[in-house]
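First up is the structure itself, then whatever we jot down about it.
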Amino acid sequence: MKLLTLASGSSGNCTYIGTDRTSLLLDVGISLKNIEFGLTESGVDPSTMDGILITHEHSDHIKCLGIISRKYNIPIYATAGTIAAIKRVKALGDYDHSLFMPIERDSCFDIGDIRINTSPISHDAADPVCYSFKNRKSKVSVATDLGVYDEKLVSFLSESDAMVIEANHDIRMLEVGPYPYQLKQRILGNKGHLCNEASGQLVKSLLNDHLKAVFLGHLSDKNNYPELAFAAVEQELKGNPFSDDVRDFGLEVAPRYTPSKIIEV
């Protein structure tokens, strides 16, 4: 299985997960031009997408859903609550609503040779979920926009070979930063975003002896720096039973605007 982040951050999110037979996009919160460029540069034909999976309806996850739907007619998978919320977003323009494929939270379904599992997440959206992807050889998981996490989510993400985990903000930067008080409270709340330290604690609970890559994703452009996120998570991983060297887990920060390297597991 292949994992490639095309962009990851509060400015926009899009991830590619694929095999030799199946190609999927998770969220499309960046421009179609950048999606096509990132895929093509990585050797993936944008016209071969078998599905778009949406976590929730916020603009940094669905920005180009209308445009990409009009051009490629790719099936769109999301929960019923998320679909209803997306249909109310007028900025997406006109597109074929028959492309929507409703899915359930806590569900399992197949697209090509990839088995997809969903789990609800704690975020201020209509009916948000995160996803894991499995084939016979490996498991890839992506979990961002997490206000909090619990043992159920840890179990859902466990045994991953590669994953993208949110490290949204540095608490001190957020507290002294320019955001209005209510927005700060939203981000810090149970339906907001994970701080760097909480991200590190989640990653530590997910470590295993076959983990090949951990991307820290969805960093805030105002309340975080890649170096801060990496250092905070690295600190939280100290004392784990697997390795003292985070390079053994492939820990790195997903680029905000450009594609990551392709991870194959």
Side-chain angles (χ1 to χ4, degrees), residues 5 7-11 13 15 55-56 58 60-61 119-125 128-130 132 140-160 162-209 211-256 260:
T5 65
S8 185
S10 56
S11 311
N13 300 273
T15 303
T55 57
H56 63 292
H58 292 167
D60 58 324
H61 295 262
S119 177
I121 54 176
S122 181
H123 194 55
D124 58 348
V129 293
C130 67
S132 71
V140 171
S141 300
V142 181
T144 65
D145 300 79
L146 308 172
V148 293
Y149 66 89
D150 55 19
E151 287 303 315
K152 180 182 177 183
L153 186 61
V154 170
S155 178
F156 175 81
L157 299 172
S158 66
E159 296 303 316
S160 295
M163 54 190 179
V164 181
I165 300 295
E166 175 175 60
N168 178 256
H169 60 276
D170 175 82
I171 292 177
R172 288 156 293 282
M173 282 187 68
L174 176 62
E175 288 176 339
V176 301
Y179 283 3
Y181 175 78
Q182 288 186 336
L183 180 56
K184 291 180 180 181
Q185 293 304 108
R186 175 211 166 227
I187 293 170
L188 291 167
N190 287 346
K191 291 185 179 293
H193 293 279
L194 282 191
C195 69
N196 294 336
E197 288 77 13
S199 175
Q201 293 158 17
L202 175 55
V203 171
K204 187 173 184 178
S205 71
L206 297 171
L207 297 180
N208 59 62
D209 59 6
L211 183 62
K212 300 292 193 302
V214 179
F215 283 118
L216 303 179
H218 211 295
L219 273 67
S220 168
D221 62 346
K222 296 288 194 300
N223 304 303
N224 213 349
Y225 295 116
E227 299 82 4
L228 270 179
F230 185 94
V233 172
E234 183 179 34
Q235 178 66 30
E236 293 294 333
L237 295 186
K238 288 185 176 180
N240 76 79
F242 298 100
S243 175
D244 292 330
D245 190 340
V246 294
R247 290 176 295 183
D248 291 336
F249 309 121
L251 181 70
E252 59 183 278
V253 177
R256 175 178 300 279
S260 68

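In this text the structure is predicted, and so the values were computed from the model without any measurement.
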Measuring only between side-chain heavy atoms, which start at C-beta, is [X] closer than 4.5 Å to [Y]?
X      : Y      : result
Val246 : Val233 : no
Asn168 : Asn224 : no
Ile165 : Leu206 : yes
Ser8   : Phe215 : no

All pairs passing side-chain hydrogen bond (donor to acceptor under 3.5 Å, both in side chains) where residues 234-255 contributes a residue, at least two apart: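 As it turns out, the side-chain hydrogen bond (donor to acceptor under 3.5 Å, both in side chains) pairs with a partner in residues 234-255, which skip direct neighbours, are Gln235-Lys238, Ser243-Asp248, Asp245-Arg247, Glu252-Lys261.
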
Sub-6.0 Å ring centroid separation between His56 and His61: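 Ring-ring flag for His56/His61: true, centres closer than 6.0 Å.
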
Asp221: side-chain contact (heavy atoms from CB on, under 4.5 Å) partners, not counting sequence neighbours: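 side-chain contact (heavy atoms from CB on, under 4.5 Å) check on Asp221 returns Ser10, Ser11, Tyr179, Arg256.
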
Closest non-hydrogen atom pair, Thr5 against Ala254: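 Here Thr5 and Ala254 meet closest at OG1-CB, 3.8 Å.
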
Least distance between heavy atoms, Ser141 atom then Leu157 atom: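 Of all heavy-atom pairs spanning Ser141 and Leu157, the closest is CB-CD2, 3.6 Å.
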
Donor-acceptor under 3.5 Å (Lys184 side chain, Glu175 main chain):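 Side chain of Lys184 to backbone of Glu175, a donor-acceptor pair under 3.5 Å: yes, one is there.
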
Arg172/Glu197 ion pair, N-O < 4.0 Å: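 Yes, this pair counts.
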
Whether over 12 other heavy atoms sit under 6.0 Å from Tyr225 OH: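 No, not enclosed.
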
